[in-house]
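All remarks here apply to the structure that follows.
A quick note: this is a predicted structure, and the numbers were derived from the prediction, not measured. Reminder, nothing fancy here: chain letters follow the sequence lines and each chain counts from 1.
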2 protein chains.
Amino acid sequence: MGKCEQCIIKQFNAMKSLTKDELIRISGCKTSRIIKKGEVIFEEGENINGVYCIKDGICKLSKLSENGKDQIVKMVVKGQLLGQRSLITEEVSNLQAVALNDMEVCFIPRGEIMADLQNNLKFSFDVLKVMARDLRESDDIIVNMAQKTVRKRLADVLIYLHSNFGENTDGTLSILLSREDYANIVGTATESAIRIISQLKKENLISTKGKYIKIEDLAGLKRVE
Amino acid sequence: MGKCEQCIIKQFNAMKSLTKDELIRISGCKTSRIIKKGEVIFEEGENINGVYCIKDGICKLSKLSENGKDQIVKMVVKGQLLGQRSLITEEVSNLQAVALNDMEVCFIPRGEIMADLQNNLKFSFDVLKVMARDLRESDDIIVNMAQKTVRKRLADVLIYLHSNFGENTDGTLSILLSREDYANIVGTATESAIRIISQLKKENLISTKGKYIKIEDLAGLKRVE
DNA sequence: CGAAACTTTGACTACGATCAACTCCTGTGG
DNA sequence: CCACAGGAGTTGATCGTAGTCAAAGTTTCG
């Protein structure tokens with residue numbers, strides 16, 4: 001099993017602030033795990049009892065709404081930590097996590113990571129920074145949800161996916177989402193999302209290869225209102 | 001000027017974790033300020049350079065959307081700290097803060113509070129907890145925005161205001177918001193909010209005395225879909 | 001008292017949800 | 001290898017929700 005102190009992934013999250021000794025200790029109690037695409041990592045209401053450090057892959061965090069629809073709240077990718085919030089509030093998870101592609105994660109039990117949070121100031125301050133940034137992002141999402149049309153939100157999501165997760169060699173978005181996922185991110189009905197995607201296609205802003213979406217005119221997409 | 005170490009307000013926020021010495025130091029450099037209803041505490045994009053500890057009153061945090069409408073993202077009340085996020089991300093504020101009634105606040109300059117954040121583990125961990133809870137709340141707001149009707153959201157807001165800020169002796173909500181504020185919280189047009197309020201009135205779920213709103217049937221309001 | 005700001009109502013429009021039918025993939029078992 | 005089942009994607013028709021514009025009524029405050 002890999003050693004935390006040598007793992008490159010830690011550079012990308014707050015764990016870079018842990019000391020070598022702390023990393024060695026964590027390395028000793030962590031468990032690695034492969035998660036297949038579509039697999040549930042944890043459920044809403046589940047006691048997570050630790051955090052996941054994502055070595056590879058992407059997952060979606062969603063919450064079941066009263067009307068029975070899932071709302072995707074956040075995507076967490078390679079390099080980031082998963083489950084920090086619930087760890088800190090000491091409550092069960094308020095979100096469900098599902099893998100969007102095959103993932104490789106390390107699970108660090110609550111006790112170990114909490115010990116570091118409460119002893120290593122640099123580490124806890126780093127986590128604080130991540131959260132403050134997340135909060136900013138949440139503010140933006142709230143405003144967008146409240147004030148923008150579905151069409152505009154969907155265009156924004158495509159731009160976001162493109163700039164954050166990049167594209168395959170053929171130019172399609174490297175992250176593959178179902179139409180339902182798209183709908184659940186922008187908060188609309190699947191049919192509505194589909195309709196807008198085909199409309200954007202007609203306007204030559206995007207093209208599709210099966211489920212894959214390729215952005216043809218990024219500037220045009222940004223101008224969508 | 002009041003002394004932080006004797007101030008009761010600190011019990012309600014993370015400052016309770018500061019040592020007596022730290023509080024005395026902060027007391028020496030803080031500035032008290034009275035803010036009138038409607039006054040802007042800080043603007044979106046402004047460098048806040050510290051945090052406000054709210055001794056009395058309530059304010060709204062809002063963000064200007066591209067369509068020119070303000071979206072109210074959060075309400076911050078007596079006992080809470082204002083501006084922590086921007087302090088931590090070391091960026092300009094992403095929100096505007098406006099007083100909803102006459103307020104009394106203490107301003108603590110960045111340097112002082114940062115020093116404590118980076119030295120007092122208990123304090124920074126407390127702030128971490130507050131933020132983790134805020135993030136949970138944001139998740140809920142996002143889901144509600146995305147999945148619920150304006151009518152349902154407005155009913156929820158009324159219930160929220162009632163349970164969090166209480167009522168006057170005549171039973172009206174003790175917090176007084178304009179119709180536009182209501183609209184800006186639920187993310188709708190002012191006229192839409194007005195229409196729904198008058199509809200709820202017809203259904204005898206609420207009544208109004210001028211701008212004041214009184215909840216007549218809390219259980220009924222909760223059943224609104 | 002009068003101006004300005006806020007609230008209310010009406011009429012109309014547009015956006016997005018829902019339901020239903022149909023097509024297209026994909027994978028599984030005969 | 002084909003057939004078929006099931007899921008995902010697509011499209012059309014229809015309906016209700018909410019946004020916009022306009023006008024009139026009401027409060028508030030100087």
Determine: side-chain N/O of B/K148 to OP1/OP2 of D/dA18, distance under 4.0 Å, yes or no.
-> no
Counting just side-chain N and O atoms, does A/S192 come under 4.0 Å of either OP1 or OP2 of C/dC15?
-> no
Hey, is the side chain of A/R151 pairing donor to acceptor with the base of C/dG16 inside 3.5 Å?
-> no
Scan B/S198 against the nucleic acid and name what it touches under 4.0 Å (heavy atoms): base, sugar-phosphate only, or nothing.
-> sugar-phosphate
Salt bridge present between A/R136 and A/D140 (N-O < 4.0 angstrom) = no
A/K69, nearest nucleotide to its side chain (from D/dG19, C/dT18, D/dT17) = C/dT18
Taking D/dT20, C/dG16, D/dA18 as options, the one with an atom nearest any side-chain atom of B/T188 is D/dA18
If you look at every strand shown and take non-hydrogen atoms under 4.0 Å, does A/K152 touch a base, only sugar-phosphate, or nothing?
-> nothing
Below 4.0 Å: OP1/OP2 of C/dC25 and any side-chain N or O of A/K209 | no
Report, as yes or no, whether the 6.0 Å neighbourhood of atom CD on B/E216 holds more than 12 heavy atoms from other residues, nucleotides or ligands.
-> yes
Take atom OH of B/Y212 as the centre, draw a 6.0 Å sphere, and report whether it contains more than 12 heavy atoms from other residues, nucleotides or ligands.
-> no
Can you name the atoms? Protein N/O to nucleotides 2-6 of chain C N/O, anything below 3.5 Å, with the distance.
none

